[in-house]
Every structure is written in C-alpha cells, then in structure tokens.
Amino acid sequence: MTKKLKFPIYLDYHSTTPVDPEVIQTMLPFFTDVFGNAASRNHEFGWTAEAAVEKARGQIASLIGATDKEIIFTSGATESNNTALLGAAEMYGSKGKHIITSPIEHKAILDTCQYLEKKGFEISYAEVDQYGQVSSEAVAKVMRPDTILVSIMAANNEIGTINRLSEIGALCKSKGVLFHTDAVQAIGKTPIDVQSMGIDLLSLTAHKIYGPKGVGALYVRRKNPRVRLAPIIHGGGHERGMRSGTLNVPGIVGFGKAAEIAKRNMASEPEKLRALRDRLWKGLSSQLDEIFLNGHPTERLPNNLNVSFAYVEGESLMMGMKELAVSSGSACTSASLEPSYVLKAIGVGEDLAHTSIRFSVGRFSTEEEIDFAIEKVVSAVRKLRELSPLYEMAKEGIDLKSVQWTGHH
Ligand SMILES: *Cc1c(COP(=O)(O)O)cnc(C)c1O
C-alpha cells in the first residue's frame, strides 16, 4: 500500500469513474476479432456479438434482481431517463397527465419533466426534507387519481442521500401508478432490488460503475404489470421496439463485466469506501471548526462526503488545492455562479451553499490519498480563513447578523 501518490488525486467518482482494467480486457476483442453487428442474423459474426450482448444483459439484470429480457440498452442514463419519462407519458397519457418527481433529481429528469409540461402534462414536486430524503408520505401528499408515473432517484449525486425506495414503491403499487427510479449512483454501493422495492422502470449507466462512457440501460418491468413504452428513437425495432439503433457491442460487453464486478464486490467494496470516507470526514472535522455535513448523516452513499466550509468560497478553495479533483456546490451558469439547486432545496442558505465541496471516493482510492487530501484541505481552509474578516469577527464572538454595515447599498 505504499504506492507513490499521483496528482491530481481523483476524489470525484460521482462524476465518472475510470474503466476497470478487467473491463477493458473483456471489451478489447469486440473492437477487432469479434466485431459483428448483434443484429446480423445470418452469420457467425452476428451470432457471437449477439451472444455477448445477451450475456451482458444477464449480468446487468442480475445486479438489480431483474430478468434478462427486462434490460434495454441505451447510450447512457440521460437517454434512459428520457426514454422512461417520455415513453411512459406517451403510452399512458390517455390515462392521465400527472407525473410526480422531486426537486433534487438529476437534470436529465428535471429538464425532461419541464419539456413534458410544455406538452400538456402536469408535474408535481414531492417535498424533500433537510437531508434530501423524499418520504412516501411526501409522494402520497401530491398523488392524484390522474397520476401515471412517479420518478424518484435512488441516491442523490451531490449529497449522497439514499431514498427508501421500498416505501415509495409500495405506495405506487397500491395506487396502480408506475414507479421509475434513477439508480445511477446507488448501483454497486447500496443494494437495489426491483422486486422487493416495487420498481417498474430503472435507469443505469456504465461509466459510474467502472465501465465505459456512452452506454447505459433501462430496466422495463415485464410482469405485474407489463410496462410498455413508446420509443423516442425509431428505426429497426431493436431492443423490443423500445430503442432502435445498432448496439454498442464493446460498450455493452464492458458494462456487463462492470456489473458482474460490482455484484461480486457488493460484500466488501461499500465497506471499504465507507472507511475511506469516514477517515476523510474525521480528519477534516477534528481539525476544522465551522464545517457542516450536507445530506443524511447515516442514510447516505458510503463514498459521498458533501461539506460546507463556512467563510470559505468553494471556488477559491478548489483553486487553493489543485492537487485534488473534487466538485464544488456551485454551478457556473451563463453569467454568475449559482449555488447548487440541490443544496438550495434542502434548505442550505446561499452563503453556505457557496462554500460546499463534494468529495467522492471510489474503487481506486487509497488511505494515503485520503491522508494527503485531509492535510491539503485543512491547510487551504485555514489559509483562506486567515484572510477572511468575517471569520475573524465570528471568532471574536461578534454576532455578524447584528453588525451595522456601512458603505453598503
Ligand atoms: C451521471 C448521472 C446521470 C447521467 O448519466 P449519463 O450516462 O452520463 O447520461 C443521471 N443521473 C444521475 C443521478 C447521475 O449521477
């Protein structure tokens, strides 16, 4: 474990993950020797490609308690989310025009919902609590007789909060409403089972579980109920007519392998990640005051740590620790730096939201990297706070809210 540190240290596994070497090895032959089109029914090249795709379908299905035929391949979770929402809206729109989601979903859900709103659907946003959880009660509160679909994420990509999907699934089942979940971040880190959780549609992507970018999947339930989706991409009728287009065979093979590894590691990897994440939090919180954990204290992804460092601008902090690859709680929009809509929705004030950093550890993170990160963050925060008059005043016990500012408009 005395590997030399390589910089920058990657602590942004929620954004994407490197491809596992075992996954690459499995993919390689499918670019050269075994290059067939899985839809070619007349020769061996096609058959071999098809067999490889079907194997991957099984590997992915097995990770979420589904059957092979219920997995539809896509270009990633953005497309899976679009297919689930647009496909269900078109197929079931004559039954009702109401859809429920939450305000802290990924943009691939929120933007698709906004589009559906323009097309005559009504969207309700179930309330999230201060930890970013959506309860089944919150969903029930906005449920209507014309609700056709509920889409609530399994785990949030910014704050790591895990939702109690079984409770939401049971509610949807009792009302005869379809339940979709964006499970991109949860896969491989917390158990997901479409049967026990009452999930009808589920989005996945390879590149968040050490597979390649540009390949994803959508689970579509075939029994109790049999879910039907109108396709958003037409031509050729691949993937049970729900997603036409020549399959990305190497990508799918890699995705399958990544799913197999994730399943194999379920007993050990989440614990390893949790230990590293806890080590990071302990290191930071024992040396710095005025720092706050965002998200749920216990029901959170084992690899996620989202922290507000009061009196320190997140962007400046990142500039002060360029050896670390992390994400800030702000997003650059056209003209200004907007605080994250997720932090805003869970009630983190604008000031604190701007001081937030998201750390996420992964399969290739080491204790040495975490220890370096702790040292780096602590010194960068201290340096910036030394320059902060507000921090100085707070330390001297001055109540900042009572200060009469002059020279301000
Ligand atoms: C990354 C991510 C997506 C988008 O997946 P792509 O495959 O990159 O399109 C969707 N939802 C969540 C929660 C994500 O973290």
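Side chains included, hydrogens not; waters and symmetry mates left out as well; all remaining heavy atoms used. For ligands, and for the atoms within them, numbers begin at 1 and follow the listed sequence. FYI, the numbering just counts along the sequence from 1.
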Can I get a per-line list of side-chain donor-acceptor pairs under 3.5 Å for residues 347-359, giving both atom names and the distance, sequence neighbours left out?
| from | atom 1 | to | atom 2 | distance (Å) |
| --- | --- | --- | --- | --- |
| His354 | ND1 | Ser330 | OG | 3.1 |
| Thr355 | OG1 | Phe309 | N | 3.1 |
| Thr355 | OG1 | Phe309 | O | 3.4 |
| Thr355 | OG1 | Leu352 | O | 2.7 |
| Ser356 | OG | Ser308 | OG | 2.8 |
| Ser356 | OG | Leu352 | O | 3.2 |
| Ser356 | OG | Ala353 | O | 3.2 |
| Arg358 | NH1 | Asn157 | O | 2.7 |
| Arg358 | NH2 | Asp12 | OD1 | 2.9 |
| Arg358 | NH2 | Ser15 | OG | 3.0 |
| Arg358 | NH2 | Ser327 | OG | 3.3 |

Item to check | NZ/NE/NH1/NH2 to OD/OE distance under 4.0 Å, Asp20 and Lys257 | outcome: no

Going by atom types alone, do [X] and [Y] pair a side-chain donor with an acceptor below 3.5 Å?
| X | Y | answer |
| --- | --- | --- |
| His296 | Thr161 | no |
| Thr147 | His98 | yes |
| Asn82 | Thr112 | yes |

What are the distances between nitrogen or oxygen atoms of ligand 1 and protein nitrogen or oxygen atoms, counting only those under 3.5 Å?
| from | atom 1 | to | atom 2 | distance (Å) |
| --- | --- | --- | --- | --- |
| ligand 1 | 7 (O) | Ala77 | N | 2.9 |
| ligand 1 | 7 (O) | Thr205 | OG1 | 2.7 |
| ligand 1 | 8 (O) | His207 | NE2 | 2.8 |
| ligand 1 | 9 (O) | Thr78 | N | 2.9 |
| ligand 1 | 9 (O) | Thr78 | OG1 | 2.6 |
| ligand 1 | 11 (N) | Asp182 | OD1 | 3.4 |
| ligand 1 | 11 (N) | Asp182 | OD2 | 2.6 |
| ligand 1 | 15 (O) | Gln185 | NE2 | 2.8 |
| ligand 1 | 15 (O) | Lys208 | NZ | 2.7 |

Checklist entry - Using 30° and 60° as the class limits, which term best fits the ring planes of Phe73 and Phe255: parallel, tilted or perpendicular? => result perpendicular

